Amino acid sequence: MNIFRILGDLSHLLAIIILLMKILKSKSCAGISGKSQILFALVFTTRYLDLFTTFISVYNTVMKVVFLLCAYVTVYMIYLRFRKTFDSENDSFRLEFLLVPVTGLSFLENHSFTPLEILWTFSIYLESVAILPQLFMISKTGEAETITTHYLFFLGLYRALYIANWVWRYHTENFYDQIAVVSGVVQTIFYCDFFYLYVTK
């Protein structure tokens, strides 16, 4: 494992911790898209099913479990514990516009036509667009709290570091995963859109 992947994982984890701390400290989910958080929970669920079939390392297993727990705790906070503060009116992105094409694409373009592989591919495609409800919410309200922007910044940094990880692996291991790379680049482009919104709003 190289430094870019470790820093990417830590940046991803920091983003989630920032979001959870924001919710717990303010006892509010204002400005946070519950729909994006549902999509991220779905991403981790479908990607980490191999927890039951494959052991890679202690680090890998611990990170998977932590991401799963954090994703479900975040959804719980938004839709149950602090649901009165959740802005459902502005969190209005229609998820079927993402789920239907992502599902279809994961069946058409994958590494092998097996259930776990299709679900892994689905998670990769879905992660590339899961932030769109959050960006849609920010563009609709014209507002983004500082904590929310920090969360988005570290998510964007995670994607950028993973691109560096793929470049490094290509040069050192001759490893290249077209599905992951293309989806990661698409996702990074969406975060560039967030930075544009942050500057202009």
Side-chain angles (χ1 to χ4, degrees), residues 1-21 23-24 36-80 95 98-99 102-131 151-152 154-188 190-191:
M1 193 183 314
N2 63 67
I3 189 66
F4 298 112
R5 180 170 178 183
I6 293 171
L7 290 175
D9 288 344
L10 292 177
S11 179
H12 195 183
L13 186 59
L14 182 58
I16 295 169
I17 290 170
I18 286 171
L19 188 67
L20 280 171
M21 294 304 293
I23 294 171
L24 288 170
S36 269
Q37 296 310 312
I38 286 173
L39 293 180
F40 282 123
L42 188 56
V43 164
F44 296 136
T45 302
T46 53
R47 182 172 304 166
Y48 298 149
L49 289 172
D50 65 351
L51 273 170
F52 302 104
T53 61
T54 309
F55 177 79
I56 298 171
S57 68
V58 172
Y59 170 85
N60 185 274
T61 300
V62 168
M63 290 300 274
K64 287 177 179 179
V65 171
V66 168
F67 281 126
L68 279 165
L69 286 174
C70 288
Y72 281 100
V73 167
T74 304
V75 171
Y76 163 78
M77 295 284 189
I78 294 171
Y79 286 100
L80 293 173
L95 294 186
L98 301 178
L99 290 171
V102 163
T103 301
L105 190 58
S106 63
F107 276 93
L108 293 171
E109 191 66 37
N110 51 63
H111 294 304
S112 63
F113 203 75
T114 61
L116 277 181
E117 191 62 37
I118 290 169
L119 287 168
W120 178 86
T121 306
F122 170 84
S123 78
I124 296 294
Y125 292 148
L126 184 61
E127 187 182 18
S128 70
V129 296
I131 200 63
Y151 161 71
L152 290 170
F154 281 106
L155 274 185
L157 181 60
Y158 143 67
R159 288 317 322 176
L161 286 165
Y162 254 66
I163 289 174
N165 164 58
W166 294 323
V167 171
W168 178 266
R169 291 191 69 187
Y170 179 75
H171 285 291
T172 59
E173 304 170 32
N174 204 26
F175 174 84
Y176 175 76
D177 185 330
Q178 184 175 346
I179 289 173
V181 171
V182 171
S183 298
V185 169
V186 168
Q187 187 177 0
T188 306
F190 287 134
Y191 285 106

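Treat the numbers as computed from the prediction; the structure is a model and nothing was measured. These numbers come from the heavy atoms of this one structure, side chains and all, not from hydrogens, waters or symmetry mates.
Scored by the side-chain contact (heavy atoms from CB on, under 4.5 Å) test, Leu10 finds Ile6 as partners (sequence neighbours excluded). Evaluation of the side-chain contact (heavy atoms from CB on, under 4.5 Å) rule for Leu14 yields Ile18, Phe154 as partners, not counting sequence neighbours. Take Arg47 and apply the side chain to side chain donor-acceptor pair (under 3.5 Å) test, not counting sequence neighbours, and it matches Ser123, Glu127. Residues passing the side-chain contact (heavy atoms from CB on, under 4.5 Å) test with Leu99, sequence neighbours excluded: Leu39, Leu42, Leu95, Phe122, Leu126.
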Test Ile179 against Tyr125 for side-chain contact (heavy atoms from CB on, under 4.5 Å), laying out the working first. CA-CA 8 Å; Ile179 289 173; Tyr125 292 148; 3.7 Å; yes

Is there a side-chain contact (heavy atoms from CB on, under 4.5 Å) between Leu155 and Ile131? Walk through the geometry before answering. CA-CA 9 Å; Leu155 274 185; Ile131 200 63; 4.0 Å; yes

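Residue pairs meeting the side-chain hydrogen bond (donor to acceptor under 3.5 Å, both in side chains) criterion with at least one partner in residues 110-121, sequence neighbours excluded, are His111-Asp177. Among pairs with a residue in residues 54-77, those fulfilling salt bridge (charged side-chain N to carboxylate O under 4.0 Å, His left out) read Asp50-Lys64, at least two apart in sequence or across chains. Residue pairs satisfying the salt bridge (charged side-chain N to carboxylate O under 4.0 Å, His left out) criterion with at least one member in residues 104-116, sequence neighbours excluded, are absent. Within the structure, salt bridge (charged side-chain N to carboxylate O under 4.0 Å, His left out) contacts touching residues 160-176 (residues at least two apart or in different chains) are Arg169-Glu173. Annotation: ring-ring contact (aromatic ring centres under 6.0 Å, His included) contacts involving residues 59-79, sequence neighbours excluded, comprise His12-Phe67, Phe44-Phe67, Tyr79-Phe86.
Side-chain atoms of Thr74 and Leu19, non-hydrogen and from C-beta on, do get closer than 4.5 Å to each other. Side-chain contact check for Asn60 versus Phe55: every heavy-atom pair is 4.5 Å or farther apart. Here the side chains of Leu20 and Ile16 are in contact, with some heavy-atom distance below 4.5 Å. Between Val65 and Leu69, some side-chain heavy-atom pair lies under the 4.5 Å cut-off. Side-chain contact between Leu7 and Phe4: absent, with no pair of heavy atoms (C-beta onward) separated by less than 4.5 Å.
Residues Ser183 and Ser128 come closest through the heavy atom pair O-CB, 3.2 Å. Nearest heavy atoms, Met77 versus Ile23: CB-CG2, 3.9 Å. Here the closest non-hydrogen pair linking Leu13 and Met63 is CD2-CE, 4.4 Å. Heavy-atom minimum distance, Ala130 versus Phe40: CB-CE2, 3.7 Å. Ala41 and Ala71 get closest at one heavy-atom pair: CA-CB, 3.8 Å.
Proximity of a side-chain donor or acceptor of Thr61 to a complementary backbone N or O of Val58 within less than 3.5 Å is not detected.
For the atom pair CG of Leu49 and CG of Leu68, the computed distance is 8.5 Å after rounding to the nearest 0.5 Å. Here the straight-line distance linking atom OH of Tyr158 with atom CD1 of Ile163 works out to 10.5 Å at 0.5 Å rounding. Separating the OH atom in Tyr151 from the CD1 atom in Ile17 is a distance of 12.5 Å, to the nearest 0.5 Å. Going from atom CD1 of Ile3 over to atom CG of Leu161 covers 9.5 Å, rounded to the nearest 0.5 Å. If you take CD1 on Ile118 and CG on Leu105, they are separated by 12.0 Å, rounding to the nearest 0.5 Å.
Taking a 6.0 Å sphere around CH2 of Trp168, one finds it holds 12 or fewer heavy atoms contributed by other residues, nucleotides or ligands.
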